[in-house]
Amino acid sequence: YTSVFKQTIVLFLSEVLSSSIQEEEENKSLFSYIETSLIWLDTHDKISNFHLLFLLNLTKFLGFYPDITESNLEYFNLIEGNFTNSTYEKEVISGENLFHFLKLLGTNFDSIDSIKFSKRERQQILGVIIRYFELHLDGFRSPKSLGVLETVFS
(Lines give C-alpha, C1' and ligand atoms only; values in the text may rest on other atoms or scores of the structure.)
Protein backbone atom coordinates (compact mmCIF):
# COMPACT_ATOMS: atom_id res chain seq x y z
CA TYR A 1 0.00 0.00 0.00
CA THR A 2 3.03 2.30 0.22
CA SER A 3 4.13 1.93 -3.41
CA VAL A 4 2.46 4.19 -5.96
CA PHE A 5 3.79 1.93 -8.71
CA LYS A 6 2.20 -1.19 -7.24
CA GLN A 7 -1.06 0.63 -6.51
CA THR A 8 -1.23 1.82 -10.10
CA ILE A 9 -0.54 -1.65 -11.49
CA VAL A 10 -3.23 -3.19 -9.27
CA LEU A 11 -5.74 -0.49 -10.27
CA PHE A 12 -5.02 -1.16 -13.92
CA LEU A 13 -5.19 -4.94 -13.56
CA SER A 14 -8.41 -4.81 -11.55
CA GLU A 15 -10.03 -2.85 -14.36
CA VAL A 16 -8.80 -5.37 -16.94
CA LEU A 17 -9.98 -8.29 -14.80
CA SER A 18 -13.43 -6.81 -14.27
CA SER A 19 -13.78 -6.38 -18.01
CA SER A 20 -12.33 -9.83 -18.84
CA ILE A 21 -13.79 -12.32 -16.42
CA GLN A 22 -17.36 -13.20 -17.25
CA GLU A 23 -17.57 -16.50 -15.39
CA GLU A 24 -20.47 -17.29 -13.15
CA GLU A 25 -19.07 -20.49 -11.71
CA GLU A 26 -16.07 -21.19 -9.54
CA ASN A 27 -12.68 -21.30 -11.27
CA LYS A 28 -10.08 -22.35 -8.73
CA SER A 29 -7.14 -22.32 -11.13
CA LEU A 30 -7.88 -18.76 -12.27
CA PHE A 31 -8.31 -17.61 -8.67
CA SER A 32 -5.05 -19.30 -7.70
CA TYR A 33 -3.21 -17.62 -10.60
CA ILE A 34 -4.49 -14.18 -9.65
CA GLU A 35 -3.80 -14.69 -5.95
CA THR A 36 -0.29 -16.09 -6.48
CA SER A 37 0.57 -13.34 -8.95
CA LEU A 38 -0.57 -10.54 -6.67
CA ILE A 39 1.33 -12.02 -3.73
CA TRP A 40 4.42 -12.12 -5.94
CA LEU A 41 3.86 -8.46 -6.86
CA ASP A 42 3.49 -7.52 -3.21
CA THR A 43 6.75 -9.19 -2.21
CA HIS A 44 9.04 -8.01 -5.04
CA ASP A 45 10.52 -4.70 -6.04
CA LYS A 46 11.47 -5.10 -9.72
CA ILE A 47 7.96 -4.95 -11.13
CA SER A 48 8.01 -2.69 -14.18
CA ASN A 49 7.03 -5.54 -16.55
CA PHE A 50 4.74 -7.39 -14.14
CA HIS A 51 1.50 -6.22 -15.74
CA LEU A 52 2.65 -7.35 -19.20
CA LEU A 53 3.42 -10.88 -18.10
CA PHE A 54 0.33 -11.03 -15.90
CA LEU A 55 -1.95 -10.15 -18.81
CA LEU A 56 -0.24 -12.49 -21.24
CA ASN A 57 -0.47 -15.40 -18.79
CA LEU A 58 -4.08 -14.49 -18.01
CA THR A 59 -4.94 -15.43 -21.60
CA LYS A 60 -4.23 -19.08 -20.67
CA PHE A 61 -7.19 -19.01 -18.29
CA LEU A 62 -9.40 -17.05 -20.66
CA GLY A 63 -8.79 -19.49 -23.51
CA PHE A 64 -6.67 -17.59 -26.01
CA TYR A 65 -3.04 -17.98 -25.01
CA PRO A 66 -0.83 -17.64 -28.10
CA ASP A 67 -0.02 -20.84 -29.97
CA ILE A 68 3.78 -20.87 -29.75
CA THR A 69 4.42 -24.01 -31.80
CA GLU A 70 5.76 -22.01 -34.76
CA SER A 71 7.25 -19.03 -32.95
CA ASN A 72 10.10 -18.88 -35.45
CA LEU A 73 7.80 -17.41 -38.14
CA GLU A 74 7.93 -13.72 -39.08
CA TYR A 75 4.53 -12.52 -37.87
CA PHE A 76 2.04 -13.08 -35.07
CA ASN A 77 -1.60 -13.01 -36.08
CA LEU A 78 -3.54 -11.37 -33.25
CA ILE A 79 -6.89 -12.65 -34.55
CA GLU A 80 -5.86 -16.30 -34.94
CA GLY A 81 -3.46 -16.25 -31.98
CA ASN A 82 -0.65 -17.95 -33.86
CA PHE A 83 2.56 -17.29 -35.71
CA THR A 84 2.49 -17.04 -39.48
CA ASN A 85 4.46 -16.01 -42.55
CA SER A 86 1.40 -14.37 -44.08
CA THR A 87 0.50 -10.70 -43.78
CA TYR A 88 -2.92 -10.84 -45.43
CA GLU A 89 -4.49 -9.88 -42.10
CA LYS A 90 -4.07 -6.35 -40.87
CA GLU A 91 -4.00 -7.52 -37.24
CA VAL A 92 -0.46 -8.92 -37.23
CA ILE A 93 2.64 -7.86 -35.37
CA SER A 94 6.17 -8.12 -36.64
CA GLY A 95 9.61 -6.66 -36.21
CA GLU A 96 10.38 -5.01 -32.89
CA ASN A 97 6.89 -5.62 -31.45
CA LEU A 98 7.12 -9.32 -32.28
CA PHE A 99 10.59 -9.52 -30.74
CA HIS A 100 9.35 -8.01 -27.48
CA PHE A 101 6.21 -10.17 -27.51
CA LEU A 102 8.40 -13.27 -27.86
CA LYS A 103 10.54 -12.19 -24.90
CA LEU A 104 7.47 -12.40 -22.66
CA LEU A 105 6.21 -15.76 -23.91
CA GLY A 106 7.37 -18.55 -21.66
CA THR A 107 8.83 -16.20 -19.05
CA ASN A 108 7.90 -16.54 -15.41
CA PHE A 109 7.63 -13.83 -12.78
CA ASP A 110 10.92 -14.71 -11.12
CA SER A 111 12.84 -14.00 -14.33
CA ILE A 112 10.82 -10.96 -15.42
CA ASP A 113 13.46 -8.53 -14.17
CA SER A 114 15.88 -9.94 -16.76
CA ILE A 115 13.65 -8.55 -19.53
CA LYS A 116 14.57 -4.97 -20.28
CA PHE A 117 12.12 -2.68 -22.06
CA SER A 118 12.35 1.04 -22.59
CA LYS A 119 9.29 3.10 -21.67
CA ARG A 120 8.27 3.28 -25.35
CA GLU A 121 8.76 -0.47 -25.88
CA ARG A 122 6.74 -1.27 -22.75
CA GLN A 123 3.89 0.96 -23.94
CA GLN A 124 3.95 -0.60 -27.41
CA ILE A 125 3.85 -4.18 -26.15
CA LEU A 126 1.09 -3.28 -23.69
CA GLY A 127 -0.86 -1.83 -26.61
CA VAL A 128 -0.40 -5.11 -28.50
CA ILE A 129 -1.62 -7.15 -25.52
CA ILE A 130 -4.63 -4.86 -24.98
CA ARG A 131 -5.50 -5.19 -28.69
CA TYR A 132 -5.18 -8.98 -28.36
CA PHE A 133 -7.72 -8.86 -25.51
CA GLU A 134 -10.06 -6.64 -27.53
CA LEU A 135 -10.02 -9.10 -30.44
CA HIS A 136 -10.73 -12.15 -28.29
CA LEU A 137 -13.13 -10.95 -25.59
CA ASP A 138 -16.59 -9.68 -26.44
CA GLY A 139 -17.30 -6.48 -24.60
CA PHE A 140 -13.69 -5.89 -23.57
CA ARG A 141 -12.84 -2.22 -23.58
CA SER A 142 -9.49 -0.53 -23.27
CA PRO A 143 -8.93 0.31 -19.59
CA LYS A 144 -9.42 3.94 -18.61
CA SER A 145 -6.59 3.56 -16.10
CA LEU A 146 -4.14 2.90 -18.94
CA GLY A 147 -3.29 6.62 -19.06
CA VAL A 148 -2.64 6.65 -15.32
CA LEU A 149 -0.34 3.64 -15.67
CA GLU A 150 1.63 5.31 -18.48
CA THR A 151 1.95 8.54 -16.48
CA VAL A 152 3.19 6.84 -13.32
CA PHE A 153 5.78 4.80 -15.22
CA SER A 154 7.07 7.74 -17.28
When rounded to the nearest 0.5 angstrom, what distance separates [atom1] in [X] from [atom2] in [Y]?
X: Gln123; Y: Ser118; atom1: CD; atom2: OG; answer: 8.5 Å
X: Ile9; Y: Ser3; atom1: CD1; atom2: OG; answer: 7.5 Å
X: Leu62; Y: Leu137; atom1: CG; atom2: CG; answer: 5.5 Å
X: Ile129; Y: Leu104; atom1: CD1; atom2: CG; answer: 5.5 Å
X: Leu55; Y: Asn57; atom1: CG; atom2: CG; answer: 9.5 Å
X: Ile130; Y: Ile125; atom1: CD1; atom2: CD1; answer: 11.5 Å

Q.
side-chain contact (heavy atoms from CB on, under 4.5 Å) for Ile34 and Leu13? Distances and angles first, verdict last.
A. CA-CA 10 Å; Ile34 294 169; Leu13 293 178; over 6 Å; no
Compare all side-chain heavy atoms of [X] with those of [Y] and state whether any distance is below 4.5 angstrom.
X: Ile112; Y: Leu52; answer: no
X: Tyr33; Y: Asn27; answer: no
X: Ser20; Y: Phe140; answer: yes
X: Ser48; Y: Phe5; answer: no
X: Phe83; Y: Leu98; answer: yes
X: Phe76; Y: Leu102; answer: no

Q. Does a side-chain N-to-carboxylate-O contact under 4.0 Å join Arg120 and Glu96?
A.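 Yes.
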Q. Distance-only, no hydrogens or angles: does the Glu15 side chain make a donor-acceptor pair with backbone N or O of Pro143 under 3.5 Å?
A.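 No: the side chain of Glu15 does not pair with the backbone of Pro143.
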(Q) Looking at Thr43 and Ile39, would you say the former's side chain and the latter's main chain have a donor-acceptor pair under 3.5 Å? (A) yes
Side-chain heavy atoms under 4.5 angstrom apart, residues restricted to Ile, Leu, Val, Met, Phe, Trp, Tyr: same cluster for [X] and [Y]?
X: Leu11; Y: Phe54; result: no
X: Ile93; Y: Phe99; result: no
X: Phe50; Y: Val4; result: yes
X: Leu105; Y: Leu126; result: yes
X: Phe109; Y: Leu41; result: yes

If I compare all heavy atoms of [X] with all of [Y], which pair ends up nearest, and what's the gap?
X: Gly139; Y: Ser19; answer: O-OG, 4.0 Å
X: Leu30; Y: Phe61; answer: CD1-CB, 3.6 Å
X: Lys103; Y: Lys116; answer: NZ-O, 3.3 Å
X: His44; Y: Asp110; answer: NE2-OD1, 4.1 Å
X: Glu74; Y: Ser94; answer: O-CB, 3.7 Å
X: Asn49; Y: Ile115; answer: ND2-O, 2.9 Å

Q: Any pair with a residue in residues 130-144 that passes side chain to side chain donor-acceptor pair (under 3.5 Å), sequence neighbours left out, goes on the list, sorted by first then second residue, please.
A: Glu91-Arg131, Arg131-Glu134
Q. Below 6.0 angstrom between ring centroids: does that apply to Phe64 and Phe133?
A. yes
Can you give the donor-acceptor pairs under 3.5 Å from side chains of residues 65-73 to other protein atoms, not counting sequence neighbours?
residue, atom, partner, partner atom, Å
Asp67, OD1, Thr69, N, 3.1
Asp67, OD1, Thr69, OG1, 2.8

